[in-house]
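Numbers for residues simply follow the sequence, beginning at 1.
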Amino acid sequence: MSKTVKSVTSPKKFILGQHLLRELAQYTKIYGDHAYVICDEFILKRAEEEAGHSFAAEGHKSHFAKFNYEATQEEIDRHRAEVRKLGVNVIVGIGGGKTLDTAKATAYYEHLPVVIFPTIASTDAPCTALAVIYNTDGSFDHYLFLPSNPDTVLADTAILAAAPTRFFVAGIGDALATYFEARACYNKNGDNLVNLKPSLAGLGLAQMCYETVLEYGLQAKIAVDQGISTPAVENVIEATIYLSGVGAEAGGLAAAHAIHNGMTAVPSLHHAQHGEKVVFGLLTQLVLENAPKEELETVIQFIKQIGLPLTLKDLGLDKFREEEWRKAAEQACAEGDTMKNMPHPVTPEDVYQAIIAANALAEYYHD
C-alpha cells in the first residue's frame with residue numbers, strides 16, 4: 001500500500017443519549033442473539049439487571065463476565081476461552097478504557113462484532129481501532145492495532161456524568177493532547193493509528209476537540225461535580241470520546257502518548273489516570289517543540305482551571321529517581337511507539353531533559 005494513502009475511520013455508530021443500558025439489546029440485536037458482556041466490577045450487578053432484562057425481553061441469551069482489572073494478554077485469552085466455550089456471537093464491553101480495550105481485543109481475535117459502552121469519559125479508547133495491552137505489573141506492553149473500529153459505541157450521558165469527577169477530568173486531559181499530537185504528526189507526515197498518513201479531516205477533528213474542551217470544559221466539570229448532565233457536559237463527552245478518538249486515530253499520536261507509555265515504568269505513578277499522565281506528556285511535548293509562551297500558558301492555565309494534576313508531585317510521584325526516569329525516557333522512544341511522529345528526531349536524552357524542564361515549568365506556574 002502506498003504510504004501517501006490517507007483515511008478517516010470511525011465506529012459504524014456513535015450514539016449519545018440517556019438510559020441506554022436498559023435498552024442495550026436494541027443495539028446488539030443487529031449483530032447477534034447471544035452476547036458476552038465484559039463488565040467492570042462496580043457496574044456488573046446493575047448491568048446484569050438492566051441490560052440482562054433487555055436481552056431477555058428480546059429472547060436473546062447473555063453472559064456477564066467481570067473484568068479482572070488489567071488489560072493483559074492473559075486477561076484477553078481468559079475471555080477468549082469463555083467466548084469459544086459459550087458459543088456467543090457478539091461481544092460487549094461495559095466499563096473503563098482497559099475493560100473496553102479487552103473487549104475490543106477479544107472480539108478481534110474471535111472474529112466477532114463488538115459493542116462498546118463506556119461508563120467513564122476518561123479516555124478516547126471507546127472509538128478507536130486500537131487496544132493498549134499492559135503487563136501484569138501495570139507497565140505498558142504493546143499496542144494492538146485493529147483492522148476496524150468498534151461496531152457501535154453507546155455514550156450514556158447520565159452514567160458518564162454520574163461517575164467521579166476525576167475520571168471525567170482525566171478524559172479532558174487525554175483529549176487536550178489530541179490536537180497537539182495530530183499537529184506534530186501532520187507536520188512530520190508520520191503514520192496515524194491505522195498506519196496511513198494523517199489527513200486534513202483528522203487534524204480538523206483534533207482541532208475541534210481542543211476548541212470544544214477549552215470552551216466547555218470548566219462548566220462541564222462544574223456540572224459533573226453535581227452529578228448532572230448539561231449541554232456543556234454532552235459537548236465535552238462528544239469531544240473526549242468521539243472527536244478525540246477519531247481525531248487521534250486519523251491525525252496520529254506523537255510525544256505525549258509515548259511519554260505516557262514511558263511513565264508506566266514509574267511504580268509510584270501507577271495510580272494516576274491515563275489522561276492525567278498524558279497531560280504531563282503533553283507539557284513535555286511542548287517543551288520538546290519549544291512551543292510559544294502563549295500556547296504553553298493557555299494549556300497550563302486550562303490544566304489548573306479544571307483541576308488536572310500539573311506537576312509530577314501532583315501525579316503522585318513519591319521521589320524523583322533518575323534511573324526510573326531514564327528508563328521512562330528510553331521506553332518513550334521505543335521502536336514502534338509514537339515518538340517517531342515528532343517533526344524532528346528525539347532521543348531518550350532529549351526526553352529525559354524535557355521531563356525535568358516540564359516539571360520545573362509546572363512547578364513555576366503551580367500556585
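Under the rule for a ring pair (Phe, Tyr, Trp, His ring centres under 6.0 Å), F42 has no partner lying at least two apart in sequence or in another chain. With sequence neighbours left out, the side-chain contact (heavy atoms from CB on, under 4.5 Å) criterion links E74 to T72, T136. Residues forming a side-chain contact (heavy atoms from CB on, under 4.5 Å) with K45 (at least two apart in sequence, or on another chain): E49. The side-chain contact (heavy atoms from CB on, under 4.5 Å) test applied to K293 returns E297, Y365, not counting sequence neighbours. In this view, E322 and R326, Y352 satisfy the side-chain contact (heavy atoms from CB on, under 4.5 Å) rule, not counting sequence neighbours. Looking at residues two or more places apart in sequence or on another chain, you find a salt bridge (Lys or Arg N to Asp or Glu O under 4.0 Å) between E110 and R80, R84.
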With a 3.5 Å cut-off and sequence neighbours excluded, list the donor-acceptor pairs that the side chains of residues 19-27 form with protein atoms.
| residue | atom | partner | partner atom | Å |
| --- | --- | --- | --- | --- |
| Q26 | OE1 | K29 | NZ | 3.2 |
| Q26 | NE2 | E58 | OE2 | 2.7 |

Distance-only donor-acceptor pairs under 3.5 Å for side chains of residues 203-218, two or more places apart:
| residue | atom | partner | partner atom | Å |
| --- | --- | --- | --- | --- |
| Q207 | NE2 | E211 | OE2 | 3.2 |
| T212 | OG1 | M208 | O | 2.7 |

Review item, side-chain donor-acceptor pairs of residues 138-146, under 3.5 Å, at least two apart:
| residue | atom | partner | partner atom | Å |
| --- | --- | --- | --- | --- |
| S139 | OG | N135 | ND2 | 2.9 |
| S139 | OG | D137 | OD1 | 2.6 |
| Y143 | OH | N261 | ND2 | 2.8 |

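Within the structure, salt bridge (charged side-chain N to carboxylate O under 4.0 Å, His left out) pairs that include any residue of residues 33-43 do not occur (at least two apart or interchain). Sorted by first and then second residue, the salt bridge (charged side-chain N to carboxylate O under 4.0 Å, His left out) pairs involving residues 176-188 (not counting sequence neighbours) are R183-E289, R183-E295. Counting only residues at least two apart or on different chains, the salt bridge (charged side-chain N to carboxylate O under 4.0 Å, His left out) pairs with a member in residues 255-284 are R166-E276.
A distance-only check finds no donor-acceptor pair linking the side chain of T264 to the backbone of H260 [under 3.5 Å]. A donor-acceptor pair is defined here as one N or O able to donate and one able to accept, closer than 3.5 Å; no such pair exists between the side chain of Q285 and the backbone of A254. Judged by distance alone, the side chain of N359 and the main-chain N or O of L312 form a donor-acceptor pair under 3.5 Å.
For H257 and H274, the distance between ring centers is under 6.0 angstrom.
Summarising the geometry, atom CG belonging to D337 is positioned 8.5 Å from atom CG belonging to L253; distances are rounded to the nearest 0.5 Å. How far CG of D225 is from NZ of K221: 4.0 Å, rounded to the nearest 0.5 Å. Separating the CD1 atom in I116 from the NZ atom in K13 is a distance of 15.5 Å, to the nearest 0.5 Å. In this structure, the separation between CD1 on I306 and CD on Q301 is 12.5 Å, given to the nearest 0.5 Å. Taken to the nearest 0.5 Å, the CD1 atom of I38 stands 10.5 Å off from the CG atom of N68. Note that the CG atom of L310 and the CG atom of L315 stand 9.0 Å from one another [nearest 0.5 Å].
Clustering ILVMFWY residues whenever any of their side-chain heavy atoms sit less than 4.5 angstrom apart, transitively, puts F67 in a cluster other than the one holding Y108. Y242 and F117 sit in two unconnected hydrophobic clusters of ILVMFWY residues. Membership requires side-chain heavy atoms under 4.5 Å apart, directly or through other members. Residue V278 is not grouped with residue V351 when hydrophobic side chains (ILVMFWY) are merged at heavy-atom distances under 4.5 angstrom, including chains of intermediate members. V92 and V88 are members of different hydrophobic clusters when ILVMFWY side chains are connected at heavy-atom separations under 4.5 Å. Both I300 and I172 belong to a common hydrophobic cluster when Ile, Leu, Val, Met, Phe, Trp and Tyr are linked at side-chain heavy-atom distances under 4.5 angstrom.
Between A255 and M339, the closest heavy-atom pair is CB-SD, 3.6 Å. Considering every non-hydrogen atom in both A357 and V287, the closest pair reads CB-CG1, 4.0 Å. Among all heavy-atom pairs drawn from I303 and P309, the shortest one is CG2-O, 3.8 Å. Contact record, C127 with N149: O-ND2, 2.8 Å, taken as the closest heavy-atom pair. Taking each heavy atom of L282 and V299 in turn, the nearest pair found is CD2-CG1, 4.0 Å. In this structure, A107 and V114 approach most closely via the heavy-atom pair CB-CB, 3.6 Å.
V236 places a side-chain heavy atom less than 4.5 Å from the side chain of F168. Residues C39 and K66 have side chains not in contact (no heavy-atom distance under 4.5 Å, counting atoms from C-beta outward). Side-chain contact between I120 and I159 is absent, with no heavy atoms from C-beta onward closer than 4.5 Å. Residues N187 and M342 have side chains not in contact (no heavy-atom distance under 4.5 Å, counting atoms from C-beta outward). Using a 4.5 Å heavy-atom cutoff, the side chains of L361 and L283 are not in contact. Taking 4.5 Å as the limit, every side-chain heavy atom of T152 sits out of range of all side-chain heavy atoms of F14. Taking the side chain as every heavy atom from C-beta outward, P118 and L100 approach each other to under 4.5 Å. Using a 4.5 Å cut-off on side-chain heavy atoms (C-beta onward), H366 and D314 make contact.
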(request) For H34 and S62, run side chain to side chain contact (heavy atoms under 4.5 Å, CB included): C-alpha distance rounded to whole Å, both residues' side-chain angles, the deciding distance at 0.1 Å, then the answer. (result) CA-CA 5 Å; H34 189 178; S62 59; 5.8 Å; no

(message) If you apply the rule side chain to side chain contact (heavy atoms under 4.5 Å, CB included), what do you find for L243 with V246, and how did you get there?
(response) CA-CA 5 Å; L243 292 176; V246 178; over 6 Å; no

(request) Let me see the working for Y31 and N89 under side chain to side chain contact (heavy atoms under 4.5 Å, CB included), right down to the final yes or no. (result) CA-CA 7 Å; Y31 306 117; N89 50 27; over 6 Å; no

(request) Take K104 and D101, measure what salt bridge (charged side-chain N to carboxylate O under 4.0 Å, His left out) needs, and give me the verdict at the end. (result) CA-CA 5 Å; K104 288 189 289 183; D101 278 359; 3.3 Å; yes

(request) Apply side chain to side chain contact (heavy atoms under 4.5 Å, CB included) to I241 and D124, showing your working. (result) CA-CA 5 Å; I241 292 180; D124 55 18; over 6 Å; no

(request) With salt bridge (charged side-chain N to carboxylate O under 4.0 Å, His left out) as the test, would you mind laying out the steps for K197 and D191 before giving the verdict? (result) CA-CA 5 Å; K197 293 302 174 184; D191 295 327; 3.2 Å; yes

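The local environment of NZ in K304 is crowded, with over 12 non-hydrogen atoms from other residues, nucleotides or ligands closer than 6.0 Å. For E323, the CD atom sits in a packed shell: over 12 heavy atoms of surrounding residues, nucleotides or ligands are nearer than 6.0 Å.
Between Y36 and H79, the ring-plane angle classifies as perpendicular under the 30° and 60° cut-offs.
Classification of E324 and K327 as a salt-bridged pair fails, no side-chain N sitting under 4.0 Å from a carboxylate O.
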